[in-house]
Amino acid sequence: MTRRCFIAGNWKMNKSVAESLVLVRELRNAISVVRDRVEVAIAPPFTALHPVSKALEDSNISLAAQNCHAAESGAFTGEIGAPMLKELGVSYVILGHSERRQLFGETDAGVNRKTAAVLKAGMLPIICVGETLDEREASRTLAVVETQLKGCLGGFGAAEGAKFVIAYEPVWAIGTGKTATSRQAQEVHAHIRSLLTGLWGADTAQQVRIQYGGSVKADNAAELLSQPDIDGALVGGASLKAADFAAIVKAKA
Ligand code: 13P
């Protein structure tokens with residue numbers, strides 16, 4: 001089973017509309033030649049989704065959002081429903097990012113509900129899991145990831161699951177410049193795939209793409225992406241500069 005490599009840029013709370021459009025123009029130029037072998041997505045802030053969606057027309061770069069609410073609409077001041085994102089041309093929604101878990105009280109049960117909303121609206125989830133430094137040092141990494149995955153994925157069958165993207169993002173590696181070694185990352189990715197095998201069977205588990213995230217840069221991407229169960233990257237800081245992001249995309253191509 002060959003899984004198409006999937007590199008996604010999570011812009012977090014960065015870039016005005018004007019800055020976003022400049023970055024998109026630069027990205028379209030920088031990655032035009034490798035786009036068939038690698039799937040590329042970018043997740044700008046909500047405020048830039050609509051103009052970026054227009055700027056991505058006729059490109060092979062997909063649009064992703066960074067969060068959504070589990071309800072379609074209603075009295076949820078300040079929130080955004082999945083159908084609203086779909087209307088803007090969004091294909092993927094990042095769910096359960098560690099910043100949302102740590103800073104905004106996101107739970108596995110919440111991610112589970114949001115995943116259902118994303119699917120119902122016709123989009124696909126990128127579900128983030130990962131351990132803190134304390135948990136790694138206490139040798140709890142695999143157990144933590146297992147609990148998160150089971151909580152996020154419960155109730156979904158193999159047909160839906162095959163299209164999910166999982167992102168393993170060790171919290172201690174996010175924005176710190178400390179990357180997991182390719183061996184450390186591969187160990188967790190292989191564990192995730194074996195958990196998916198238990199949930200949905202081997203055929204489906206082999207189709208699910210598992211991204212690594214946490215200080216991915218041009219100089220460590222090739223090594224990480226060469227691992228058998230690392231099928232892409234979820235890139236934060238290095239996705240904010242076209243040349244840096246393009247170099248990561250090209251690391252696999
Ligand atoms: P950095 O690449 O800045 O470490 O961020 C990773 C991340 O959180 C992507 O979602």
Side-chain angles (χ1 to χ4, degrees), residues 5-15 19-20 23 27 38-46 48-49 52 61-68 85 90-104 106 111 114-115 118 123-133 135-136 141 144-145 148-149 152 164-182 184-185 188-189 192 209-225 227 230-252:
C5 179
F6 185 19
I7 310 288
N10 174 9
W11 294 5
K12 307 191 179 182
M13 197 174 77
N14 294 293
K15 302 287 178 190
E19 290 165 344
S20 298
L23 181 52
L27 276 177
V38 179
E39 180 173 3
V40 179
I42 52 175
F46 287 126
L49 281 175
V52 166
I61 301 175
S62 306
L63 190 61
Q66 299 175 20
N67 182 32
C68 72
L85 299 174
V90 170
S91 303
Y92 294 95
V93 183
I94 299 170
L95 295 176
H97 191 280
S98 65
E99 286 149 18
R100 296 219 55 87
R101 292 174 185 268
Q102 293 196 319
L103 305 172
F104 303 102
E106 186 94 276
V111 172
K114 290 178 179 191
T115 299
V118 164
M123 300 178 292
L124 295 173
I126 299 175
I127 296 172
C128 304
V129 296
E131 81 288 3
T132 63
L133 187 58
E135 289 164 343
R136 175 160 283 268
T141 297
V144 166
V145 166
Q148 291 173 331
L149 264 191
C152 294
F164 287 14
V165 179
I166 309 294
Y168 168 56
E169 298 206 311
V171 178
W172 49 272
I174 294 177
T176 57
K178 268 192 228 163
T179 327
T181 63
S182 54
Q184 285 173 320
V188 182
H189 281 232
I192 291 172
R209 290 178 298 176
I210 309 174
Q211 296 174 320
Y212 169 80
S215 298
V216 176
K217 308 273 181 254
D219 61 4
N220 58 26
E223 166 70 15
L224 286 160
L225 294 171
Q227 300 302 307
I230 301 184
D231 309 311
L234 185 54
V235 185
S239 72
L240 298 173
K241 289 208 176 105
D244 294 350
F245 190 61
I248 294 168
V249 170
K250 287 173 184 167
K252 182 71 181 181

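Counting convention: from 1, in listed order, for ligands and their atoms alike. In what follows, residues are counted from 1 in the order of the sequence shown.
- Remark: the backbone N or O of Val171 is not paired with any side-chain donor or acceptor of Thr132 at under 3.5 angstrom.
- Annotation: Lys12 places an N or O atom under 3.5 Å from an N or O atom of ligand 1; distance criterion only.
- Two residues are said to be in side-chain contact when any heavy atoms from C-beta on lie closer than 4.5 Å; Val188 and Tyr212 fail this criterion.
- Geometrically, ligand 1 and Asn10 share a nitrogen or oxygen pair separated by less than 3.5 Å.
- Listed by number with element, the atoms of ligand 1 under 4.0 angstrom from any heavy atom of Gly175 are 1 (P), 3 (O), 4 (O).
- Nearest protein neighbour of atom 6 (C) of ligand 1, counting heavy atoms only, is Gly236 N, 3.7 Å.
- With ligand atoms numbered from 1 in the order given, ligand 1 contributes 4 (O), 6 (C) to contacts under 4.0 Å with heavy atoms of Gly214.
- Not one N or O of Gly213 is nearer than 3.5 Å to an N or O of ligand 1, by distance alone.
- Remark: ligand 1 atoms within the under-4.0 Å shell around heavy atoms of Ala173 are 4 (O).
- For ligand 1, the polar-atom distance check finds no N/O of Val235 at less than 3.5 Å from any of the ligand's N/O atoms.
- The shortest side-chain heavy-atom distance between Val90 and Phe46 does not fall under the 4.5 Å cut-off.
- When each atom of ligand 1 is checked for a heavy atom of Ser215 under 4.0 Å away, the hits are 1 (P), 2 (O), 4 (O).
- Heavy-atom contacts of Gly237 reach the following atoms of ligand 1: 1 (P), 2 (O), 3 (O) (cutoff under 4.0 Å).
- Side chains of Val118 and Cys68 form a contact here, defined as non-hydrogen atoms less than 4.5 Å apart.
- For ligand 1, the atoms closer than 4.0 angstrom to any heavy atom of His97 are 7 (C), 8 (O), 9 (C), 10 (O).
- Near Glu169, with a cut-off below 4.0 Å to any heavy atom, the atoms of ligand 1 are 6 (C), 7 (C), 8 (O), 9 (C), 10 (O).
- Counting only distance, with no hydrogens or angles, the side chain of Arg101 and the backbone of Glu106 share no donor-acceptor pair below 3.5 Å.
- A side-chain donor-acceptor contact under 3.5 Å links Glu169 and His97.
- Ring planes of Phe6 and Tyr92: tilted class, angle from 30 to 60°.
- When side chains are defined from C-beta on, Phe245 counts as touching Val40, because their heavy atoms get closer than 4.5 Å.
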